[in-house]
Amino acid sequence: MSIDSEAANLPANLPIEAPVPEKAEHPFRRFTSQYCHSAVAVMGLIVLVAIVLVALLAPWISPQNPYDLGQIDVMDARLAPGETDFTGEKVYMLGTDDQGRDMLSAIFYGLRISLTVGVISGLIALSIGAAIGLLAAFYGGRIDAFIMRIVDLQLSFPAILIALMLLAALGRGVDKTMIALVAVQWAYYARTVRATALVERQKEYISAATCLGLGRARIIFRHMLPNVVAPLIVVGAVQTASAISLEATLSFLGIGLPVTEPSLGLLIANGFEYMLTGKYWISVFPGLALLVTIVSINLVGDQLRDVLNPRLSR
Amino acid sequence: MRRSLKFGAALGATLLLAAGAARADDVKIGIYSEPSAMDPHYHNLGPNNSFSSNIYDALIIQDENQNLTPGLAMSWEPVSDLVWEFKLRKGVKFHDGSDFNADDVMFTSERAPNVPNSPSSFGTYLKGKTFSKVDDFTIRVTTERPYPLMPVDLSTVSIISSDVGADVKTADFNAGPAMIGTGPYKFVEWLPSDRIVLVKNEDYWGEKAAFDKVTMKPIKSNPTRVAALLSGDVDMIDSVPTADIETLKKTDGVTLASGISNRVIYLHMDRFRDNSPFITGTDGKNPLKDLRVRQAISMAINRDAIVSRVMEGIAIPAGQLLPPGFFGTSDKLKPQAYNPKRAKELLAEAGYPNGFGLTIHGPNDRYINDAKIAQAIGQMLTRVGIKTQIETMPKSVYFRSASRGGPNGEPKYSFILVGWGSGTGEASSPLKSLVHTHNKELGFGASNRGRYSNPKTDKLIEDALATVDDTKRAALLAEATEIAISDLAVIPLHYQVNTWATTKGLKYLPRTDERTSLRSLKKQ
């Protein structure tokens with residue numbers, strides 16, 4: 001998993017200077033044109049947008065609601081891609097799983113769950129992590145040491161282990177999976193933000209703000225926070241991808257989401273049983289969907305890192 | 001230098017030979033369900049009883065078809081209406097070298113029904129029986145009423161050594177020191193969820209073990225277990241997944257053995273709480289108490305679909321508690337036909353035209369395709385308006401909660417998927433444990449997790465258990481079954497068909513009691 005290596009690399013790559021906007025070009029346009037330098041990254045972005053659209057529109061574009069037990073029929077179980085149901089009316093484009101669930105719909109809904117869980121848990125972890133990281137950097141001393149030791153402690157455990165323990169204690173469910181994902185992610189954000197904010201704290205504008213007698217909260221959140229956003233975005237993209245794959249791992253192990261609402265990981269696990277019998281489609285298609293999602297997020301995240309890092313600016 | 005080389009080579013060759021010889025008689029078995037304990041009296045559960053049969057003997061031993069054969073008792077007969085006499089086998093030694101005698105039977109009869117925290121107690125087979133020692137090799141068992149099932153009941157209880165002491169704990173068995181039996185294999189070690197190791201008991205009184213050393217590896221994941229067999233990692237697996245049977249049939253060197261079991265997979269419903277914890281949308285009423293709702297549920301279930309689609313044809317739709325043909329089953333009962341339309345009407349008649357909400361709880365590592373069956377039932381019930389949620393969990397969590405996880409040690413769930421294998425091979429076993437009113441003291445209704453209670457069936461069951469005449473007893477059991485099924489004390493789904501797979505050189509004799517017992521594993 002890429003979580004550890006990314007987190008370890010990032011502090012070294014962080015911008016020493018906050019990006020100074022050039023006057024000639026609007027920052028957003030400059031950003032866009034830099035992003036578009038890489039054709040692969042643009043492709044990644046297009047695919048990602050398409051996946052997000054599919055996930056958002058899943059209830060309207062799916063042939064069936066795979067989570068409504070009344071709509072799926074075990075009589076249609078394990079049909080190969082392209083086969084019709086027993087009434088001969090519906091065609092299952094990507095086949096069905098062992099409960100007669102349409103794989104195409106299940107993948108659409110699975111993407112929806114995976115992205116929702118990944119993004120929401122990422123945002124919550126980001127908020128918590130950023131706030132804690134800023135506090136640590138601003139106050140320094142014992143508070144900093146205390147917070148960072150907790151972060152170190154947490155990062156020394158594999159993410160999957162913490163998530164497994166939490167889910168064993170909390171039980172199944174979308175909300176519980178998100179809690180587990182937040183719990184394993186916040187530390188990465190906290191460490192990243194702290195490292196950047198430590199640098200920012202030495203700068204004159206913070207001293208100036210302090211001299212002006214501004215409140216601490218205002219200094220932290222109005223002045224420091226905007227300057228640590230760039231690395232946060234990069235870590236956020238990478239972390240979202242790893243949160244999605246972690247959720248898939250947990251579901252594959254059968255402890256994440258409920259069996260009646262399979263996410264991509266659970267779909268893969270369901271099909272795993274049939275791999276020896278040649279019924280490949282139950283595992284392979286959700287696996288591909290998961291792969292494409294994670295690769296596209298990583299492509300976008302990589303390019304963001306390049307663009308937002310002034311030392312690599314072209 | 002040269003000498004030491006030569007010596008080294010000789011030593012190496014000897015070691016190689018030894019290793020080769022050891023390998024030939026070492027067998028590794030991939031098992032689906034791990035015992036929940038080594039203690040043979042802790043949990044009356046299939047995997048536990050299967051395993052105990054390797055280490056322990058009972059007074060009477062059931063063969064592959066559940067016929068009774070002499071075990072630690074040479075012979076048995078009723079000496080009067082109320083008293084059975086067992087003549088014990090002489091010259092039998094326990095694994096620790098001590099001699100077997102009547103004291104061990106007396107000790108076992110006291111301990112087995114009284115193991116603390118037992119999720120499913122052997123009291124069901126031992127309560128109401130008074131054991132007395134006549135001499136060192138004669139035991140008499142007295143009951144208050146005539147009791148024809150005495151031999152079969154006692155064939156379910158493993159005899160342990162009295163040397164382990166009265167205060168022996170389940171943990172002492174799990175750790176090894178108390179694992180002293182008289183069976184064909186000796187216990188070496190149990191590393192939970194890793195392996196159980198056994199070695200041959202050279203002094204066994206009966207047919208000697210076929211293998212020197214046996215390692216049982218719990219492999220819960222179906223594809224992993226099959227892959228382990230195909231890769232040669234294990235030499236035999238049980239619970240061959242229904243999905244892989246076709247593939248394995250075509251694989252060279254793999255032998256399949258399958259046979260019908262005495263196990264019915266059924267649904268049990270909360271019948272004792274007015275406000276059942278996992279039912280929603282009924283304003284605090286318990287719809288499962290209404291016969292029409294239970295009929296609707298039974299009719300909403302398409303048993304043929306479960307058998308053909310979930311079980312891939314490897315199961316038999318069930319209409320009662322034991323497959324027809326077993327002793328005490330009814331000729332009249334057929335599997336309930338699928339009729340979703342009538343099910344909806346019945347729900348409306350019962351006052352639930354819009355259905356209600358229900359959670360079905362079940363294990364996901366105990367019965368063949370258990371979690372999938374639960375989901376298929378969820379679909380079928382949802383389609384007639386009973387919005388069903390499905391929660392499946394490992395058996396280690398499930399059975400404890402299902403039996404006594406609620407307040408005051410009551411069953412926790414409202415609607416459960418579970419299975420019952422008739423340990424006695426006839427109909428009194430499920431009737432007594434699932435249908436008879438729960439009564440811990442008398443050992444009735446030990447697994448009656450719905451707390452169904454009907455004086456009529458209770459009386460018929462008790463009468464049957466006291467009827468010596470086989471024909472009359474069979475009729476009483478069949479009548480009790482008919483009443484229980486028409487009242488839907490439980491909703492039967494299907495009978496399991498079990499499949500074992502072995503690789504070259506091994507042969508397994510399929511057992512109706514589903515056990516994966518080393519007694520039935522032979523060299524070809």
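Here is the naming used below: chain letters follow the sequence lines, and residue numbers restart at 1 for every chain.
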*Is the CE atom of A:M165 crowded by more than 12 outside heavy atoms at less than 6.0 Å?*
yes
*Chi angles and distances behind the side-chain contact (heavy atoms from CB on, under 4.5 Å) call for A:L276, B:L248*: CA-CA 10 Å; A:L276 289 173; B:L248 287 177; over 6 Å; no
*Provide the closest heavy-atom pair for B:A376 versus A:V74 in the form atom of the first, atom of the second, distance.*
CB-CG2, 4.1 Å
Chain A against chain B: donor-acceptor pairs under 3.5 Å:
residue, atom, partner, partner atom, Å
B:R309, O, A:R78, NH1, 2.8
B:R309, O, A:R78, NH2, 2.7
B:R309, NE, A:M75, O, 3.4
B:R309, NH2, A:A77, O, 2.7
B:K372, O, A:Q99, NE2, 3.0
B:K372, NZ, A:E273, OE1, 3.1
B:K372, NZ, A:Y274, OH, 2.7
B:A376, N, A:Q99, OE1, 3.3
B:Q379, OE1, A:V74, N, 2.8
B:Q379, NE2, A:Q99, O, 2.8
B:Q379, NE2, A:Q99, OE1, 3.2
B:R383, NE, A:G70, O, 3.3
B:R383, NH2, A:I72, O, 2.4

*What residues, two or more places apart in sequence or in another chain, satisfy salt bridge (Lys or Arg N to Asp or Glu O under 4.0 Å) together with B:R342?*
B:E345, B:E349
*asked:* At a 4.5 Å cut-off on heavy atoms, which part of A:M275 comes close to chain B: side chain, backbone, both, or neither?
replied: neither
*Measure B:M380 against the heavy atoms of chain A and call it side chain, backbone, both or neither at under 4.5 Å.*
side chain
